[in-house]
Amino acid sequence: MTDHRTRTRRTMVERDAELAIVEEALERLTGPGPDAGGALLAFSGPAGLGKTTLLAELRRRAHARSCTVLAARGGEQEQSQPFHVARQLIQPQLAGTSEPELRAALGGWYSIVGPALGLCAPEQGAPPDPQGLRDGLDWILTHLVVKRAPVTLVLDDAHWADPESLSWLAAFAPRAEHLPLLLVVAYRPDELPAHADAFRTLPGRAGHRPLPLSPLTPAAVAALVRGVIGDHADDAFCQEAWNVTAGNPFEAVELTAKVRGRGLRPVQENAAQLADLAAAQRGSGLVARLERLGPSTVRFAWACAVLGTAIPQDIAARVAALGTEEAAGATARLRDARILSAAGTTPGHEPETGLEFVHPLIATAIYRAIPDALRVALHGKAAAAVVDAGLGCSAAARHLLETHPENDPWVVRTLREAAAENLRAGAPDAARRQLARALREPPDFDERAAVLYELGCASLLTEPANTVNHLRAALTEPFDDPALRQGIVIRLAQVLAHSDRLAEASECLAREIAQTPDVRARLRLQSEQFMWDAFNAAETDSPARSRRLTRLADRLTGRDLTERYVIALRAWDACLRGEPVDVVLHHAGRVLEQPFSWAHEDRGFEVPVLVGLGQVQSLVACPVEWLCR
């Protein structure tokens with residue numbers, strides 16, 4: 001760890017301007033006076049220009065100023081894991097908190113945000129609204145910042161952050177100036193997704209627009225070479241080091257380490273060898289260097305590349321089909337070759353567990369060098385390994401998304417469980433991707449309708465047209481579950497109605513009512529049809545519908561939620577038709593004798609709202625003497 005920190009400080013060359021901006025921002029964050037406050041800093045640049053090294057130095061300085069540091073890093077292989085970055089930022093701050101303490105700390109946001117952050121299991125019920133979830137994340141981060149101020153939040157490789165976390169953090173970023181928070185991100189500009197464009201345009205109090213990092217000058221590379229090898233390195237040798245690395249700090253550091261490791265004299269006569277040494281750090285040269293370490297080491301490196309960041313050695317060993325001793329030997333060889341390292345450490349924190357690649361460029365090169373068929377197989381093995389290690393279906397799902405369909409029931413089951421978990425945690429897009437992949441597996445003949453239904457539910461908020469297609473396709477499948485069929489029809493009617501196709505929604509329900517023999521199931525469908533008809537201004541025969549509703553509601557006792565929905569619709573219809581106030585309030589009172597929530601998982605908010613509106617309108621219309629009874 002000491003060597004790592006020493007190397008970080010030594011290779012911070014030609015970054016004085018950036019460090020001055022960092023120091024200014026930290027001074028403002030931690031200093032007294034009216035000018036104290038937060039800011040946003042964004043550093044951009046292609047791979048290898050030293051963004052990670054700069055952020056490491058920023059974190060060191062923040063710790064030295066007694067700042068609370070929240071840190072996260074996007075991962076190329078973890079982009080499909082929703083809230084992966086948000087969990088890295090917030091989980092450590094709440095680790096070890098008991099459930100009662102956690103509930104007290106999060107308040108009303110516990111059941112909404114807790115599942116997204118991996119702090120508690122999702123509860124049964126309607127999934128959270130994505131905007132409500134982002135509001136909850138805003139509240140929690142703001143609360144943490146105020147409680148543990150001053151705070152420095154650092155996100156490295158933001159271009160690889162999962163969409164859910166990145167969208168939230170980009171929207172939150174403007175608040176940094178109004179909090180004791182320095183929010184710092186680093187990214188590759190050509191790879192930053194559109195939903196994170198805020199990082200390109202926000203100026204921040206501590207500087208200007210995102211600060212682009214430049215390659216090192218020949219003089220800086222020469223200083224780096226002489227700082228490691230010695231002052232006797234001649235000018236021609238140093239100039240060639242700059243030529244073959246194009247001033248890329250990562251490549252210059254790695255090249256210098258190889259020169260020293262080989263004992264190469266830094267003189268003009270040996271300068272021609274630098275091109276070959278530099279080529280061995282990237283692309284096919286890196287792959288050839290890896291292959292020279294032996295088959296078992298190659299397999300272990302491939303397994304690590306598939307697993308991503310913070311790689312558990314035991315899981316990598318299982319994916320690579322190596323024993324414990326073989327894995328330890330492979331790890332040692334890869335560390336000696338400057339391909340792998342222990343996961344980074346930060347002053348004031350315990351070391352992270354697992355392994356990581358020395359640089360993302362190395363991880364990407366090795367991952368892309370894995371033969372296609374083998375890479376797919378390794379992802380399949382990784383999925384099984386993480387489930388067996390107790391990491392859950394969501395951790396396995398990202399690997400299963402990279403596999404080819406093989407008609408495997410376990411894959412379908414795992415993806416469905418992951419999708420259900422993500423949907424309840426507020427990540428419908430992730431659930432949709434997982435269910436679409438499950439559909440391609442494909443599911444068993446009698447399971448396909450259920451997968452289509454779940455896919456429709458996951459697509460409801462973002463792709464209503466596709467939801468209609470999925471649900472209609474589900475109804476054409478041969479299956480023998482009346483409850484599933486009812487759920488599909490009700491959800492189809494809902495999405496049609498919300499797409500301003502109320503007549504289609506009513507017709508869909510009417511067809512199903514006509515062929516539903518079960519009385520209670522038919523009543524549930526009728527309640528849905530009455531609701532959508534009540535909203536349809538173009539309904540051709542509303543008086544007949546009102547008479548049917550009146551006859552039905554008068555026979556019901558309100559013994560369950562479906563009956564209370566019908567009675568509630570009767571109260572609203574009476575209000576619209578101008579019936580006496582006593583009638584409206586009588587039926588509304590029948591409904592409200594028991595709890596009548598608008599947050600049921602398989603019900604909409606519409607009917608509870610109508611009951612409230614009916615009561616309000618009736619009371620407004622009441623004569624004063626009636627209210628004084």
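FYI, side chains are in, hydrogens and waters are out, and symmetry mates aren't considered; it's all heavy atoms of this structure.
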Any donor-acceptor N or O pair under 3.5 Å, side chains Q77, T309: no
message: Using a strict threshold of under 4.0 Å (side-chain N to carboxylate O), is an ion pair present between R333 and D336?
response: no
message: Check the orientation of Y367 and H379. Use parallel for under 30°, tilted for 30 to 60°, and perpendicular for over 60°.
response: perpendicular
message: For E325, is the CD atom crowded, meaning more than 12 foreign heavy atoms sit under 6.0 Å from it?
response: no
message: So that I can tick it off, tell me whether R73 and D157 are bridged by a salt bridge, with the cut-off set at under 4.0 angstrom between side-chain N and carboxylate O.
response: yes
task: Would you kindly say whether N243 and Q239 are connected by a side-chain donor-acceptor distance under 3.5 Å?
output: yes
- prompt: Quick check: are there more than 12 heavy atoms from other residues, nucleotides or ligands sitting under 6.0 Å from CD of E23?
  reply: yes
Closest contact, heavy atoms only, A397 versus A418: CB-CB, 3.7 Å
- request: Could you check if a side-chain atom of V185 sits within less than 4.5 angstrom of a side-chain atom of L183, using non-hydrogen atoms only?
  value: yes
- request: Would you tell me whether S165 and D162 have side-chain atoms, one donor and one acceptor, within less than 3.5 Å of each other?
  value: yes
message: Looking at R375 and E402, is any side-chain nitrogen of the basic one under 4.0 Å from a carboxylate oxygen of the acidic one?
response: no
- prompt: Does any donor atom in the side chain of Q434 or R437 lie under 3.5 Å from an acceptor atom in the other side chain?
  reply: no
field: Q81 side chain to S394 side chain, donor-acceptor N/O pair below 3.5 angstrom
entry: no
- prompt: Is there a donor-acceptor contact under 3.5 Å linking the side chains of T30 and R65?
  reply: yes
task: Before giving the answer on salt bridge (charged side-chain N to carboxylate O under 4.0 Å, His left out), spell out for E76 and R368 the whole-Å C-alpha distance, their side-chain angles and the decisive distance to 0.1 Å.
output: CA-CA 12 Å; E76 187 174 17; R368 293 177 180 175; 3.8 Å; yes
- request: I would like to know whether D138 and R175 meet salt bridge (charged side-chain N to carboxylate O under 4.0 Å, His left out); could you show each step before the answer?
  value: CA-CA 10 Å; D138 287 351; R175 303 187 186 190; 3.1 Å; yes
- prompt: Given side chains that start at C-beta, do those of C120 and P115 come closer than 4.5 Å, heavy atoms only?
  reply: yes
query: Angle class for the F172/W168 ring planes (parallel below 30°, perpendicular above 60°, tilted otherwise)?
result: tilted
